Asks: 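Encoded as structure tokens, here's the structure I'll be asking about.
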Amino acid sequence: MKKISWIMIIWLFLMTAAAGCGQQDTAKDNTNNKKTTETKTEAQKDNKGEDSKQGPDNNKPGDTLYGSGHRSYQHMKYLAKAAPKFSSSELTKPPTGNWVTNGGDINNGRYSPLDKITTANVKNLKVEWVTSLGSGKEFKYSGEATPLVYDGVMFTITGANEVQALDAKTGKLIWEYKPQLAEGLNTVCCGWTSRGVALGDGKVFVGLLDARLIALDQKTGKLVWETQVESWEKGYTITSAPLYYDGKVYTGIAGGEYQIRGFVAAYDAEIGRQIWRTYTLPAPGDKGSETWPKGSRNWLTGGAPVWQTPAIDPELGMIYFATGNTSPDLDGSNREGDNLFANSILALDANTGKYKWHFQEVHHDIWDLDPANPVVLFDVKMNGKMRKGIVQAGKTGWLYILDRTNGKPLIGIDEKPVPQNKNQKTSPTQPFPIGDAFVPQKITKEDVKRDLPKDFKGEYGDIFTPFWDKPVTLKPSPQGGANWPPSAYNPNTEMFYVLGNDNYFAYAHYGEEKDERFTEGKEYIGSVWQPVENSPHRGTVTALDIKTNKIVWQKNWDTIAYSGILTTKGNLMFTGHNDGRILAYDATNGKQLWEFKMDAGANAPPITYEVDGKQYISIFAAGNTLAGTTHGDKIYTFSLDGKYGSLNDIPKDKINVSPIKNQDTETDKQQAADQSKSKNETSSAAGTGEGIYKNNCLACHGDKGAGGHNGPNLQTTKLDLNGIINQVKNGGGGMPPFKDTLSADEIKAVAEYVKSLGNG
């Protein structure tokens with residue numbers, strides 16, 4: 001017996017040790033090496049990524065806050081099936097009745113074989129149902145979510161990170177979940193948003209803005225577990241939809257503007273424990289470290305976030321994603337080299353996180369031309385041979401089409417010399433894909449004469465033109481090319497569909513002042529940028545042949561294209577417009593076939609699904625901060641049997657509304673108390689204006705008026721107070737009006753704050 005006991009003890013010890021080893025981080029994006037544990041110790045001393053908190057089993061709808069301020073409400077009994085532990089074949093199959101991943105399937109193609117709605121009958125689409133989700137209407141929020149559908153139930157999320165389950169046939173709310181985000185959360189770069197949720201094994205997985213990953217019970221919305229992925233105080237946030245696959249939940253992080261160390265990680269779907277973490281910045285001595293200055297600490301602060309939902313090829317066992325910008329974003333003077341693995345497409349082993357291959361789209365980026373669009377996997381016959389492809393639509397305005405088995409170009413990408421600036425330590429060459437650009441990449445004299453103000457006398461150039469102390473105006477801009485709005489691939493047309501932006505941005509370096517140097521948790525991009533005032537903002541909708549990278553058809557818009565794309569076997573392509581329209585095009589030739597105008601900006605991707613033999617089209621119309629569009633909170637769903645042909649036809653009492661929309665929750669009361677406290681602590685109108693500014697203006701204009709993603713530098717404004725009040729009230733020049741969302745006192749307060757920032 002003693003011998004058996006000792007054997008049991010040894011066995012338990014070995015099992016415990018093995019379990020512990022299974023939770024170690026995978027170092028960065030390279031192969032396993034002896035630096036793995038050392039890297040974690042040095043870079044992750046405060047990391048809580050492996051901690052998880054279990055939610056209560058007996059939480060009742062409408063009871064007090066639980067967990068870290070979580071709250072759920074059940075309005076109807078959940079009668080549908082719970083999602084299974086989806087198999088690889090279920091997740092790679094193009095979506096028909098269901099839409100179970102952010103990209104439709106784990107190829108991210110956003111293509112559906114449903115064909116009951118076609119080019120012949122799409123003109124008959126009418127509204128089937130509308131649901132007001134009841135949150136995220138304030139201007140700091142953006143509605144960018146892709147809903148999921150499983151067995152007749154829809155799951156979605158607002159920019160305020162509130163999650164809903166709806167009956168997909170009627171839009172009636174089944175349950176709602178309301179988190180309490182971290183008090184003082186102020187490291188959200190580009191508007192408060194979420195691009196969706198994940199589904200699997202009876203759970204809904206959500207990445208919260210304060211860098212928590214949580215799992216909710218699919219039938220009740222109650223918290224199952226939560227994990228702190230990283231610290232929001234250091235600049236880490238989550239805006240992307242997680243991905244469920246093979247019992248794991250994958251997520252990356254945003255925050256490249258805060259000098260973070262980017263990574264993607266996999267978590268156990270059952271309990272939320274981290275399985276592996278792969279950094280996108282190499283530790284000293286690792287593969288890629290030679291592309292950063294020797295002896296620097298750039299590997300800890302160099303950015304390279306992962307803020308799109310990845311794609312997975314189960315046959316190859318690889319997970320694919322693109323990495324974001326370097327940090328500081330626009331100043332390359334202290335980071336000589338190509339700066340891997342920022343601005344790259346990366347392939348990892350999906351089970352271990354080990355590095356497989358990479359392709360860098362922009363070397364030593366100083367223009368914020370990082371790949372923001374989700375990668376898409378496709379299979380196509382080229383030159384008589386079936387090829388496994390991956391495509392990424394860049395901010396540069398090109399498609400990068402690669403072999404996903406090894407990262408080599410399928411069509412061709414040439415390294416060409418580019419203009420140099422010794423101060424910026426620019427790369428001598430950049431990759432130029434063979435094929436067509438889907439947005440203009442140069443500024444001509446004719447462009448200046450036609451589009452820019454008459455008093456414009458600044459320098460201008462082509463893509464990859466460097467800048468230093470004098471402003472240089474360039475195309476494409478930091479908005480793209482292709483930005484975050486997802487693209488789509490249709491295997492029937494063999495075309496790739498992408499939205500593009502075409503606008504003018506000026507860049508200039510500025511000297512580093514003492515109070516502008518990097519501090520942890522503070523936004524720092526190293527230089528300044530801003531759109532050229534009174535210049536046009538245009539967009540493109542483009543179909544490119546995946547086998548040639550040549551444009552087949554293109555539509556030009558008089559505003560940026562900022563929504564996302566759906567394509568179907570019915571030869572249709574759907575997208576949203578800033579003015580609130582959802583549009584349908586003939587996928588083969590680009591002819592517009594149908595539109596419906598909603599009450600807010602259509603800045604989220606459409607989806608399609610089928611229930612009881614009927615095909616539906618749904619889209620979240622809630623507006624977008626960076627697009628400057630009208631805000632709302634509604635999901636619109638259309639069918640060929642719909643009743644309402646226009647917005648005015650929809651009776652108000654037919655719009656589904658949350659039963660608790662007008663009830664104060666504990667979270668609402670706490671937030672109101674915090675706001676009241678903040679106002680009481682503020683002694684001046686400018687101080688009150690600062691809070692209003694942060695909630696409505698910061699994403700576009702940046703902290704203290706500089707470094708934003710869409711608006712001019714307010715520190716150089718010369719408007720008088722009345723002029724600023726008029727601008728805030730009525731908008732103009734790409735800025736939305738705030739007269740319907742802010743009171744007269746609030747407008748005056750924020751105007752006084754803006755005036756205090758500038759030279760007015």
Side-chain angles (χ1 to χ4, degrees), residues 330 366-369 372 393-398 418-419 436-468 470-483 485 498-508 527-542 551 553-563 575 577-579 590 601 603 624-629 700-702 706-714 716-719 723 727 730-737:
L330 309 180
I366 59 171
W367 306 273
D368 195 64
L369 292 179
K395 277 190 185 179
T396 57
W398 281 306
V418 292
D436 294 333
F438 53 85
V439 296
Q441 295 174 313
K442 62 174 61 179
I443 300 174
T444 66
K445 290 182 179 179
E446 290 73 20
D447 293 332
V448 173
K449 185 177 180 180
R450 180 186 68 245
D451 292 338
L452 301 188
K454 291 183 179 180
D455 59 353
F456 177 84
K457 296 179 181 179
E459 296 182 8
Y460 56 92
D462 302 346
I463 189 173
F464 303 132
T465 298
F467 59 91
W468 190 242
K470 294 182 180 179
V472 178
T473 298
L474 302 173
K475 286 185 179 184
S477 79
Q479 286 189 324
N483 207 285
V498 59
L499 300 180
N501 299 316
D502 173 22
N503 49 17
Y504 298 84
F505 258 65
Y507 300 80
S527 293
V528 293
W529 59 13
Q530 67 180 64
V532 177
E533 292 188 64
N534 300 316
S535 65
H537 295 253
R538 302 185 179 102
T540 59
V541 184
T542 309
I551 293 175
W553 59 260
Q554 185 173 72
K555 296 291 182 180
N556 295 296
W557 288 358
D558 60 359
T559 183
I560 61 172
Y562 220 64
S563 171
T575 192
H577 193 280
N578 286 347
D579 64 11
N603 300 120
N624 189 285
T625 300
L626 295 186
T629 54
C700 290
H701 295 284
H709 282 71
N710 198 29
N713 185 344
L714 299 179
T716 60
T717 182
K718 295 182 180 180
L719 287 175
Q727 180 71 18
N730 299 310
M735 175 176 163

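Residue numbers count from 1 along this sequence. Please read all numbers here as calculations on a predicted model, not as lab measurements.
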Asks: Is it the case that the side chain of Trp367 and the backbone of Thr465 share a donor-acceptor pair, with hydrogens and angles ignored and the cut-off at 3.5 Å?
Replies: yes
Asks: Which atoms form the tightest heavy-atom contact between Leu369 and Ser477, and what is the distance?
Replies: CD2-O, 3.8 Å
Asks: Any side-chain hydrogen bond (donor to acceptor under 3.5 Å, both in side chains) pairs touching residues 450-459, not counting sequence neighbours?
Replies: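 Of all non-adjacent pairs touching residues 450-459, those that pass side-chain hydrogen bond (donor to acceptor under 3.5 Å, both in side chains) are Asp447-Arg450, Asp451-Tyr504, Asp451-Arg538.
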Asks: For Ala482 and Lys395, work out which heavy atoms get closest and say how close.
Replies: O-CG, 3.3 Å
Asks: Got a second to check how far Gln441's CD is from Leu474's CG, nearest 0.5 Å?
Replies: 12.0 Å
Asks: Decide yes or no on side chain to side chain contact (heavy atoms under 4.5 Å, CB included) for Tyr460 and Lys445, but give the supporting numbers first.
Replies: CA-CA 9 Å; Tyr460 56 92; Lys445 290 182 179 179; 3.3 Å; yes
Asks: Could you measure the distance from the CD atom of Gln479 to the CG atom of Asp368? Nearest 0.5 Å is fine.
Replies: 10.0 Å
Asks: Give me the atom names and distance for the closest heavy-atom approach of Pro419 to Pro466.
Replies: CB-CD, 3.6 Å
Asks: Could you report the tightest heavy-atom contact between Pro476 and Gly481, atom names first, then the distance?
Replies: CB-N, 3.7 Å
Asks: Quick one: CD on Gln554 to CG on Asn556, what's the gap to the nearest 0.5 Å?
Replies: 5.0 Å
Asks: First locate atom OG1 of Thr540, then atom CH2 of Trp557, and finally report the distance between them rounded to the nearest 0.5 Å.
Replies: 9.0 Å
Asks: For residues Trp398 and Asp436, report the shortest heavy-atom separation together with the two atoms involved.
Replies: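 Closest approach of Trp398 to Asp436, heavy atoms only: CD1-O, 4.1 Å.
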Asks: Within the distance-only criterion (no hydrogens, no angle test), does the side chain of Asn501 pair as donor or acceptor with the backbone N or O of Ala561 below 3.5 angstrom?
Replies: yes
Asks: Within the distance-only criterion (no hydrogens, no angle test), does the side chain of Lys475 pair as donor or acceptor with the backbone N or O of Ile443 below 3.5 angstrom?
Replies: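 Such a contact is absent between Lys475 side chain and Ile443 backbone.
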Asks: For Ile560, does its backbone N or O pair with a side-chain atom of Asn578 as donor and acceptor, under 3.5 Å?
Replies: yes
Asks: Taking side-chain hydrogen bond (donor to acceptor under 3.5 Å, both in side chains) as the criterion, tell me which of Asn503, Asp558, Thr559 meets it with His537.
Replies: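 Testing His537 for a side-chain hydrogen bond (donor to acceptor under 3.5 Å, both in side chains) against Asn503, Asp558, Thr559 leaves exactly one candidate, Asn503.
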Asks: Backbone N or O of Leu626 within a donor-acceptor pair of the Asn624 side chain at under 3.5 Å?
Replies: yes
Asks: Yes or no on side chain to side chain contact (heavy atoms under 4.5 Å, CB included) for Phe438 and Leu499, after CA distance, side-chain angles and deciding distance?
Replies: CA-CA 9 Å; Phe438 53 85; Leu499 300 180; over 6 Å; no
Asks: Give me the ring orientation class for Tyr507 and Phe467: parallel if the planes are under 30° apart, tilted from 30 to 60°, perpendicular past 60°.
Replies: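 Tyr507 vs Phe467 ring planes: parallel.
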Asks: Which heavy atom in Tyr562 sits nearest to a heavy atom in Ala627, and how many Å separate them?
Replies: CD2-CB, 3.8 Å
Asks: Once you round to the nearest 0.5 Å, how far does OG of Ser563 lie from CG of Asn483?
Replies: 12.5 Å
